[in-house]
Amino acid sequence: MGGANQQERLAKTEAAKWFLAGFIEGEASLLVGIKHHETSRYGYYVDPEFHLVQHQSGREVLELAQQVFQAGRIYPKPDSPNCLVYAIHCRRTLWEKLVPFFETYVVPFSSQAKRETFYRFREILELMNQGNHRTPEGLARIVEKAYAMNPAAKGKQRLRPLHEVLARILRDHTPDTLKHSE
């Protein structure tokens, strides 16, 4: 009888993951914030995030996501007190838990737009894992990819134009000079 119960629990867990994947397809956001900070080496830093927003009556779905990913936190949405946000900010968790979940459960059945956003998000995480955000060229490449993530986004536009961010990141840096001096 123990084996049957275990199989039943596994089936329920798998069903919950598929339910969550469908919910994520419609309601989740993959974001890469480009945050201005004077003490950052190049004036900006990159902040990848996953968000799932629900009215407070839908808290169970956010708790399911928290249970499935074994990470993240739920908090009130700052500009909308009746809404809650489930968010994962930890890059390692995004890479080790969210990316495999998306590849298995979300991407195979998602819209073209969601797939393209995910692929860019995954590529940015991979570049960061390789340390590319620690060089001006690498950070500029990541910023360009982040700006291209949601070209037809319904939400807010970026605070600063891409050329302005790149100019700050790459100031005092001339790649051609480096190539000629080698």
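Each residue takes its place number in the sequence, starting with 1. Treat the numbers as computed from the prediction; the structure is a model and nothing was measured.
- Without hydrogens or angle criteria, His133 side chain to Leu127 main chain gives no donor-acceptor distance under 3.5 Å.
- Counting heavy atoms from C-beta on, the side chains of Gln56 and Asn82 come closer than 4.5 Å.
- Applying the 6.0 Å contact sphere to CD of Gln130 captures more than 12 heavy atoms from other residues, nucleotides or ligands.
- In summary, the side chains of Tyr105 and Glu14 do present a donor paired with an acceptor at a separation below 3.5 Å, with no hydrogens or angles considered.
- Closest heavy-atom contact between Ala65 and Leu52: CB-CD2, 4.1 Å.
- At a cut-off of 3.5 Å, with distance as the only test, a side-chain donor of Arg115 or Gln112 sits close to an acceptor on the other residue.
- Although no hydrogens or angles enter the test, the distance criterion places a donor-acceptor pair under 3.5 Å between the side chain of Gln70 and the main chain of Gln67.
- In the hydrophobic clustering of this structure, Val107 groups with Phe109; members are Ile, Leu, Val, Met, Phe, Trp, Tyr whose side-chain heavy atoms approach within less than 4.5 Å, directly or through other members.
- Using the six-membered ring where Trp is involved, Phe69 and Phe101 have ring planes that are perpendicular, over 60° apart on the 30 and 60° scheme.
- The shortest non-hydrogen separation linking Leu30 to Phe118 is CD1-CA, 3.7 Å.
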Check: side chain to side chain contact (heavy atoms under 4.5 Å, CB included) between Arg120 and Lys145: does it pass, once the steps are laid out?
Finding: CA-CA 7 Å; Arg120 285 188 177 116; Lys145 291 183 179 302; 5.6 Å; no
Practice prompt. Please lay out, stage by stage, how Val61 and Tyr86 fare under the test side chain to side chain contact (heavy atoms under 4.5 Å, CB included).
Written response: CA-CA 9 Å; Val61 176; Tyr86 168 69; over 6 Å; no
Exercise for review: Begin from the C-alpha positions of Val143 and Tyr44 and carry the test side chain to side chain contact (heavy atoms under 4.5 Å, CB included) through to its verdict.
Suggested key: CA-CA 9 Å; Val143 166; Tyr44 290 90; 5.7 Å; no
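- Counting heavy atoms from C-beta on, the side chains of His51 and His89 come closer than 4.5 Å.
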Evaluate the side chain to side chain contact (heavy atoms under 4.5 Å, CB included) criterion for residues Phe121 and Leu94: first the C-alpha distance (whole Å), next the side-chain angles of each, then the deciding distance (0.1 Å), finally the verdict. CA-CA 10 Å; Phe121 185 80; Leu94 291 168; 4.1 Å; yes
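- Leu31 and Ile34 end up in different hydrophobic clusters when Ile, Leu, Val, Met, Phe, Trp and Tyr side chains are linked at under 4.5 Å.
- Note: the hydrophobic cluster containing Met149 also contains Leu166 (ILVMFWY, side chain heavy atoms under 4.5 Å, direct or indirect links).
- Atom CD1 in Ile88 sits 8.5 Å away from atom NZ in Lys97 (nearest 0.5 Å).
- A cation-pi arrangement, defined by a distance under 6.0 Å to the six-membered ring centre and an angle within 45 degrees of its axis, is absent between Arg122 and Phe102.
- When all heavy atoms are compared, the tightest approach of Lys77 to Val53 is CD-CG1, 4.1 Å.
- Crowding of Arg91 atom CZ: a count of heavy atoms from other residues, nucleotides or ligands under 6.0 Å exceeding 12.
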